[in-house]
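All values below come from the heavy atoms of this structure, side chains included, with hydrogens, waters and symmetry mates left out. Proteins come first, then strands; the chains are lettered A, B, ... in the order of their sequence lines, and each starts at number 1.
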2 protein chains.
Amino acid sequence: MVFVKQAQHPELEEMTLVAVMGAFSDPIRVGLVRVLADGRERGWGELRVPVAKSTLSHHLRVLRDAGITRTRQEGTRCYVKLRRDDLDARFPGLLDVVLDAACGDDVGAHVGVDHAPPHA
Amino acid sequence: MVFVKQAQHPELEEMTLVAVMGAFSDPIRVGLVRVLADGRERGWGELRVPVAKSTLSHHLRVLRDAGITRTRQEGTRCYVKLRRDDLDARFPGLLDVVLDAACGDDVGAHVGVDHAPPHA
DNA sequence: TACCTTGTTCGACATTTCACGAACAACGAA
DNA sequence: TTCGTTGTTCGTGAAATGTCGAACAAGGTA
């Protein structure tokens with residue numbers, strides 16, 4: 001397996017439909033996207049997910065590699081946010097459709113977020 | 001992703017976002033959906049897919065179990081078509097988004113169809 | 001009846017995915 | 001420097017997925 005030290009964020013043209021659909025095909029990842037839907041950047045520590053931290057790291061990487069989220073590092077902390085504009089440009093309407101469906105069905109409801117201010 | 005062994009055609013309420021996204025996360029299945037996008041019913045024999053017939057059977061089953069297509073049997077032949085109205089009702093806009101993206105990127109371009117009339 | 005066509009199911013296999021804990025590296029704080 | 005926090009990577013394992021060929025069942029045809 002080829003591991004890039006810091007996984008890359010794909011450019012617009014590099015995002016593929018199949019990768020994005022695959023990323024949305026897991027309830028935990030859909031839950032994460034729901035949490036990020038308000039556009040605010042979140043510290044990973046804020047995320048409340050019922051899996052081990054290594055597994056969370058995995059899911060966040062799948063989202064990042066698909067181009068759905070953008071990760072920023074600051075010291076030892078990582079922050080993540082939705083690439084809403086990029087997604088809307090690449091696959092117009094997709095994010096809204098997914099969010100509507102996910103909220104209606106409560107997909108990924110076991111994913112939450114602490115509301116402590118990241119930059120307090 | 002999770003595919004149930006005996007599931008047939010799910011009702012509207014039984015369609016899940018995660019299953020539909022999983023079904024769209026394979027280029028062959030996206031290609032099949034593209035072929036069916038014109039709404040016409042197709043005999044399986046018409047479908048030109050570069051995989052063994054058992055593999056085609058598998059992919060068509062994933063699409064059917066997710067609620068994306070409907071299969072009808074007539075004698076020894078099977079016919080398949082898109083459940084466009086059901087999809088639009090359950091996940092409004094999703095199919096159009098996927099078809100737009102798939103056609104723009106030529107996802108599943110290796111999937112084709114013979115245009116010989118099934119009942120000639 | 002025997003044969004052919006069509007699609008399903010099975011067994012096998014390789015690959016991928018998801019999950020965990022442990023070890024590690026990087027950084028900030030004491 | 002030493003320690004604690006944070007996220008990545010590794011090793012492992014279970015489960016799912018994609019693929020094939022072979023065997024099978026159902027239905028039409030000779």
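Atom C1' of nucleotide C:dT17 and atom NE2 of A:H59 are separated by 9 Å, given to the nearest angstrom. Distance B:E46 CD to C:dT6 P: 12 Å, rounded to the nearest Å. As a whole-Å value, the separation of A:L56 CG from D:dG7 P is 9 Å. Atom C1' of nucleotide C:dT17 and atom CG of A:L63 are separated by 14 Å, given to the nearest angstrom. Following rounding to the nearest Å, A:L32 (CG) and C:dC18 (P) show an atom-to-atom distance of 12 Å. D:dT6 atom P lies 10 Å from atom OH of A:Y79, rounded to whole Å. For the pair A:Q73 CD and D:dG7 C1', the computed distance is 7 Å after rounding to whole Å. Note: CZ (B:R42) to C1' (C:dT6) measures 19 Å, nearest angstrom.
In terms of modelled atom types and a separation under 3.5 Å, the side chain of B:R29 and the main chain of B:F24 share no donor-acceptor contact. Between the side chain of A:R90 and the backbone N or O of A:D85, no donor-acceptor pair lies under 3.5 Å.
Taking 4.0 angstrom as the limit, A:R29 places a side-chain polar atom (N or O) nearer than this to OP1 or OP2 of C:dC18. Applying the 4.0 Å criterion to OP1 and OP2 of C:dT8, one finds that B:S57 has a side-chain N or O inside that range. The phosphate of D:dG7 (OP1 or OP2) has no side-chain N or O of A:R61 nearer than 4.0 angstrom. OP1 and OP2 of C:dT8 both lie 4.0 Å or more from every side-chain N or O belonging to B:H58.
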Pairs under 3.5 angstrom, nitrogen or oxygen only, protein versus nucleotides 21-25 of chain D, please.
unit_1, atom_1, unit_2, atom_2, d
D:dG21, N7, B:S54, OG, 3.4
D:dG21, O6, B:S54, OG, 2.9

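Here the side chains of B:E46 and B:E41 are not in contact, with every heavy-atom distance at 4.5 Å or above. Proximity of B:T69 to B:H9: side-chain heavy atoms (C-beta onward) are nowhere separated by under 4.5 Å. Between B:I28 and B:V51, the closest side-chain pair of non-hydrogen atoms falls below 4.5 Å. With a 4.5 Å cut-off on side-chain heavy atoms, B:M21 and A:V98 count as touching.
When distances run from any side-chain atom of A:R64 to the nucleotides C:dT6, D:dT8, C:dT8, the shortest one goes to D:dT8. The side chain of A:C78 has D:dG7 as its nearest neighbour among D:dT5, D:dG7, D:dT19. Of the candidate nucleotides C:dA19, C:dG7, D:dG7, D:dG7 has the atom lying nearest to any side-chain atom of A:R77. Of the listed nucleotides (D:dT6, D:dG27, D:dT8), D:dT8 has the atom at the smallest distance from the side chain of A:W44.
Tested against B:D38 for a side-chain hydrogen bond (donor to acceptor under 3.5 Å, both in side chains), the candidates B:R40, B:R34, B:R42 yield a single pass: B:R42.
In terms of position on DNA chain C, the residue among A:P50 and B:G45 whose nearest nucleotide sits closer to the 5' end is B:G45.
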